[in-house]
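Each remark here refers to the structure printed beneath this line.
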Amino acid sequence: ANQAAPVAAAATAGSNKFAELAEQDAANAQTPQAVPRKRGMTTVGKIILFLGLPTIVGCIGLYTGYLASLNDPDRELKFDMDFALPFTLTLTMALVIGFQTKGFQKDKPDPLFQWPKVKKRRKIV
């Protein structure tokens, strides 16, 4: 009988602790959730997308132009063709995708042009 008392006390202490945790969990579940964040890009993401990515692509273009000039002595390394063109094309692509996805907030892009709906006409014979 003496051994049963500590076991019963431990069981009630454990169940009381469980009850307290259950109450805390229920209180947390009833509090309103935080307002969902607006989907979109952060400032760092925009800098990376609109400056970092085109710069990296431009540097890759400049490097490939340099490698081509090593193999072909007649070819000159031109900043406009080797860096500026890939940079501009990548920046344009990022801008177009940004417009299509409404500032990168949508998963599916909108088409650039809305084609007119074709009405089906039945021929009556």
Side-chain angles (χ1 to χ4, degrees):
N2 291 340
Q3 292 176 353
V7 173
T12 57
S15 64
N16 288 340
K17 185 71 171 174
F18 178 74
E20 290 174 13
L21 290 175
E23 288 175 9
Q24 289 176 357
D25 190 38
N28 289 339
Q30 291 175 356
T31 59
Q33 297 295 328
V35 177
R37 282 184 27 188
K38 181 181 173 187
R39 290 179 50 179
M41 295 181 59
T42 62
T43 305
V44 174
K46 289 177 184 177
I47 290 171
I48 290 171
L49 180 68
F50 293 116
L51 289 178
L53 182 65
T55 303
I56 290 171
V57 172
C59 289
I60 291 171
L62 194 62
Y63 183 68
T64 56
Y66 171 73
L67 291 178
S69 69
L70 290 179
N71 293 337
D72 186 12
D74 294 334
R75 188 187 188 289
E76 290 183 21
L77 191 62
K78 296 179 183 176
F79 181 79
D80 290 343
M81 290 299 296
D82 296 328
F83 180 83
L85 184 64
F87 179 90
T88 307
L89 290 175
T90 306
L91 182 61
T92 305
M93 182 185 68
L95 287 172
V96 167
I97 293 173
F99 280 121
Q100 283 184 327
T101 59
K102 302 216 186 277
F104 298 97
Q105 292 182 359
K106 294 171 59 180
D107 293 332
K108 188 175 180 183
D110 290 335
L112 289 176
F113 303 103
Q114 292 288 349
W115 296 101
K117 303 272 181 178
V118 177
K119 294 181 181 180
K120 294 182 179 180
R121 296 184 182 191
R122 290 187 172 178
K123 241 183 179 179
I124 301 175
V125 181

Grouping I, L, V, M, F, W and Y whenever their side-chain heavy atoms are under 4.5 Å apart, do [X] and [Y] come out in a common cluster?
| X | Y | answer |
| --- | --- | --- |
| Met81 | Leu67 | no |
| Leu53 | Tyr63 | yes |
| Leu49 | Leu91 | yes |

When rounded to the nearest 0.5 angstrom, what distance separates [atom1] in [X] from [atom2] in [Y]?
| X | Y | atom1 | atom2 | value |
| --- | --- | --- | --- | --- |
| Phe87 | Leu51 | CZ | CG | 6.0 Å |
| Thr55 | Phe50 | OG1 | CZ | 13.0 Å |
| Arg75 | Asp82 | CZ | CG | 4.5 Å |
| Lys120 | Lys117 | NZ | NZ | 12.0 Å |

Side chain to side chain, Leu62 and Leu77, heavy atoms closer than 4.5 Å | yes
Could you tell me which non-hydrogen atom of Pro86 sits nearest to which non-hydrogen atom of Gly61, and how far apart they are?
-> CG-CA, 4.3 Å
Residues at least two apart in sequence or cross-chain that pass side chain to side chain contact (heavy atoms under 4.5 Å, CB included) with Asp74, listed by chain then number, are Asp72
Identified side-chain contact (heavy atoms from CB on, under 4.5 Å) partner of Thr92 from the options Thr88, Leu95, Leu89 | Thr88
